[in-house]
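The next block holds one structure in the form of structure tokens; read it before the comments.
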Amino acid sequence: MRQLTDKEIITLEENNCWAEDWTAIQVAEDFMPNYLHRVMFYGDIELGEFTKNVEVSRGFMKHSGINNATLRNVSIGDNCLIENIGTYINNYTIGDDCYIGNVAMMETAEGATYGEGNPVSVLNESGEGNLLLFHNLSSQLAALMVLHAEDKLLRDALRRLIHEDIERRMPDRGIIGNNVKIVNTKEITNTIIHDDCEISGAERLCDCTIISSPNASVFIGTAVICENSIICDGSSITNGVKIQDCFVGEACQLNNGFTATSSVFFANSNMSKGEVCSAFCGPFSTNHHQNSLLLSGMFSFYNAGSATNFSNDCGKLGAIHHGILERGCTTESGCQLVMPVHIGAFSTCSGVLTHHPDTLSMPFSQLKAVGDTVYLKPGYTLCTAGLYRDIHKWVKRDVRVHAIQRSIVDFDWLNPVTIGSIVEGKEILERLREASGEHAPTYYYHEHAISAADLKQGIQNYDMALHIYMGAVLKQRIEQNEAEQPYAQTGCGQWSDLAGMLLPKSEERMLINDIKHGDIETVQDIIDRLVDIHESYREYEWAWTYRLILNYYHLTELTDDATEQIMQDGIAARHMWADQIRKNAEQELTSSDVEKSVLSDFINMLSRETEQNEENSITL
């Protein structure tokens with residue numbers, strides 16, 4: 001950089017430019033003053049070169065430069081076009097090849113944190129902030145903070161590591177990255193915007209960090225208001241969305257008047273219309289309805305139906321109770337859930353429901369309230385076309401860039417967590433049948449009514465899922481020549497679903513202890529440990545499944561004859577499962593407006609998978 005020459009100052013003044021102090025302006029060696037018009041300079045200024053055209057709209061090119069703007073303490077990179085700034089740009093560093101036009105104000109105030117280190121109350125809207133928003137937040141780190149908020153040693157250790165991480169990266173003023181486009185926007189205050197982000201027509205961005213990149217750009221559209229929030233790679237926020245104290249993870253979409261406060265969204269979540277407050281929306285949380293409310297709940301792979309009201313009216317004093325809807329849950333139209341509520345994996349709910357936490361033991365179930373009675377159909381959703389569609393679509397809808405995936409997501413729908421719940425659920429149903437007799441017309445589980453037919457079908461469906469899972473895992477190990485007895489016992493105990501990541505609880509506890517005792521020194525160390533655990537998933541899973549096989553088949557070791565039997569049982573169960581799904585799809589045709597061609601395509605896909613003998617695929 002160099003100072004302006006006298007000739008360049010004369011040219012700038014002829015172009016109606018003015019400076020508080022011309023000597024405080026530094027310019028690139030190839031700076032050309034003739035592309036600046038009606039610009040006022042205050043404080044320290046750095047200007048790059050203006051030698052190229054900038055595309056302001058598809059096919060519409062304008063020469064780079066600065067027109068109609070007031071700048072104070074601003075550094076501008078090469079080949080930017082900045083024009084029609086309503087008031088000023090103050091305390092900002094702007095990268096190369098940016099287009100900033102028709103913006104009312106951009107400013108960084110002293111002490112700005114850009115949304116980093118902002119404490120929010122998740123799952124407890126009236127309590128103390130239990131989660132810190134920051135650049136490297138993932139669904140797993142967020143879950144550690146929220147689910148273990150009562151562990152003071154862990155809380156303090158995590159907060160110390162996060163604050164240290166923030167301090168290492170905190171700039172002294174706002175930054176606009178390279179190739180950023182900001183147009184027709186009213187206010188940008190205390191906000192960092194990374195490369196290749198586009199902001200068009202936003203109302204207000206205040207105390208935010210927008211983590212965008214060339215391979216995963218962020219778009220923020222018309223009438224959006226974002227305050228004290230962080231928005232990550234590949235996300236889109238459009239059409240009047242209002243968020244405050246939120247974290248929006250990679251490849252999320254928020255649109256059409258959606259509002260959120262003190263909430264987090266991770267990995268491909270999609271929110272349209274509706275309202276969210278103090279919610280933990282894990283990977284693939286979805287809502288598309290205007291009159292829905294998600295309050296103080298924890299979700300993942302979740303779809304909120306129309307008029308869903310997930311609230312905590314029972315916990316008004318401090319609202320200490322919260323609800324968890326496990327992986328794959330769906331609330332149907334008109335569902336009202338009053339907390340505390342804990343619903344098992346891949347279950348569907350409708351009506352006005354208040355659940356006992358032990359409902360977790362009944363995965364893949366349908367819960368429906370009729371009057372004062374809640375009817376439970378255990379294992380019902382295992383054989384539905386909706387489940388089959390879901391377990392296919394999640395992998396396809398993961399649009400995150402592979403190199404930029406903060407949150408770890410495991411897509412196996414049958415896994416040690418769900419299968420563990422299936423084993424427990426099957427045992428509960430068998431005990432109910434034994435206690436009340438095989439000829440009882442109705443059974444009751446935590447005041448939920450189960451008909452005799454539904455109980456029998458639930459046991460059959462759970463058995464079918466167990467056979468599919470054991471056969472599939474064993475086939476995978478045989479194909480990899482790794483079907484011998486596990487060399488380690490890690491994974492043999494209970495498992496967790498840590499906001500999308502499946503892991504043994506022993507590994508989660510070990511990680512927590514290492515954080516508390518100072519054996520982990522940085523946030524990156526936590527991230528690396530989680531990645532290491534994730535990469536060992538198949539080995540941990542095999543240790544757990546091997547023990548399951550021995551217990552289920554009453555074996556002391558896995559012999560060749562037993563292996564053959566397990567494989568055959570898995571194939572038979574899979575064919576039974578496909579037949580049940582086919583029947584369910586045909587029922588959808590007769591009871592709704594599904595076109596015959598849609599049903600035909602679905603059944604053909606189901607048949608191809610059966611014919612191609614894909615029993616080895618847990619994710620199907």
Side-chain angles (χ1 to χ4, degrees), residues 4 11-22 24-28 31-50 52-57 60-110 112 114 171 173-194 197-208 210 220-226:
L4 291 166
T11 301
L12 289 169
E13 290 178 335
E14 289 175 348
N15 290 345
N16 294 316
C17 296
W18 175 90
E20 184 180 46
D21 180 3
W22 288 114
I25 299 175
Q26 299 284 313
V27 297
F31 172 77
M32 299 174 65
N34 48 311
Y35 294 110
L36 281 72
H37 302 84
R38 297 172 298 283
V39 183
M40 302 183 72
F41 299 104
Y42 293 84
D44 296 323
I45 302 292
E46 292 183 353
L47 302 175
E49 60 184 45
F50 301 99
K52 298 180 181 178
N53 289 336
V54 174
E55 186 175 47
V56 298
S57 185
F60 180 15
M61 309 296 292
K62 295 179 70 173
H63 201 282
S64 56
I66 306 175
N67 305 297
N68 304 319
T70 298
L71 309 178
R72 178 181 180 273
N73 295 336
V74 173
S75 175
I76 299 174
D78 294 334
N79 299 304
C80 293
L81 175 58
I82 298 174
E83 57 185 3
N84 302 323
I85 305 302
T87 52
Y88 51 76
I89 299 177
N90 181 28
N91 291 330
Y92 258 98
T93 297
I94 300 171
D96 300 332
D97 303 300
C98 295
Y99 174 41
I100 301 174
N102 197 26
V103 174
M105 184 185 73
M106 293 175 57
E107 181 172 31
T108 304
E110 185 177 355
Y114 317 103
R173 67 183 185 185
I175 296 175
I176 307 296
N178 300 323
N179 199 35
V180 171
K181 181 177 182 180
I182 307 173
V183 295
N184 303 322
T185 294
K186 288 187 178 179
E187 179 185 345
I188 295 178
T189 305
N190 300 338
T191 294
I192 292 176
I193 302 171
H194 289 205
C197 177
E198 180 174 349
I199 301 170
S200 179
E203 286 285 321
R204 173 177 165 86
L205 301 178
C206 180
D207 296 298
C208 295
I210 303 175
I220 298 178
T222 304
V224 168
I225 298 176
C226 296

Euclidean distance, [Y] [atom2] relative to [X] [atom1], rounded to 0.5 Å:
{"X": "I220", "Y": "I225", "atom1": "CD1", "atom2": "CD1", "result": "12.5 Å"}
{"X": "I94", "Y": "I89", "atom1": "CD1", "atom2": "CD1", "result": "4.5 Å"}
{"X": "I176", "Y": "H194", "atom1": "CD1", "atom2": "NE2", "result": "9.5 Å"}

M105 CE: over 12 foreign heavy atoms closer than 6.0 Å:
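Yes.
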
For the pair T185 (side chain) and V103 (backbone), establish whether a donor and an acceptor sit closer than 3.5 Å, ignoring hydrogens and angles.
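The answer is no, because no donor-acceptor pair under 3.5 Å joins these two groups.
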
Salt bridge (Lys or Arg N to Asp or Glu O under 4.0 Å) partners for [X], two or more places apart:
{"X": "R72", "result": "none"}
{"X": "K52", "result": "none"}
{"X": "E83", "result": "K62"}

Can you give the donor-acceptor pairs under 3.5 Å from side chains of residues 37-47 to other protein atoms, not counting sequence neighbours?
unit_1	atom_1	unit_2	atom_2	d
H37	ND1	N67	OD1	3.0
R38	NE	N68	OD1	2.5
E46	OE1	S75	OG	3.2

Enumerate the residue pairs fulfilling ring pair (Phe, Tyr, Trp, His ring centres under 6.0 Å) with a member in residues 75-100, sequence neighbours excluded, ordered by first and then second residue.
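Residue pairs with at least one partner in residues 75-100: there are none.
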
Can you list everything that forms a side chain to side chain donor-acceptor pair (under 3.5 Å) with E55? Sequence neighbours excluded, please.
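Residues passing side chain to side chain donor-acceptor pair (under 3.5 Å) with E55: none at all.
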
According to the interplanar angle, ranging from 0 to 90°, do the rings of H63 and Y35 count as parallel (below 30°), tilted (30 to 60°) or perpendicular (above 60°)?
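Taking Y35 first and then H63, their aromatic rings lie parallel (interplane angle under 30°).
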
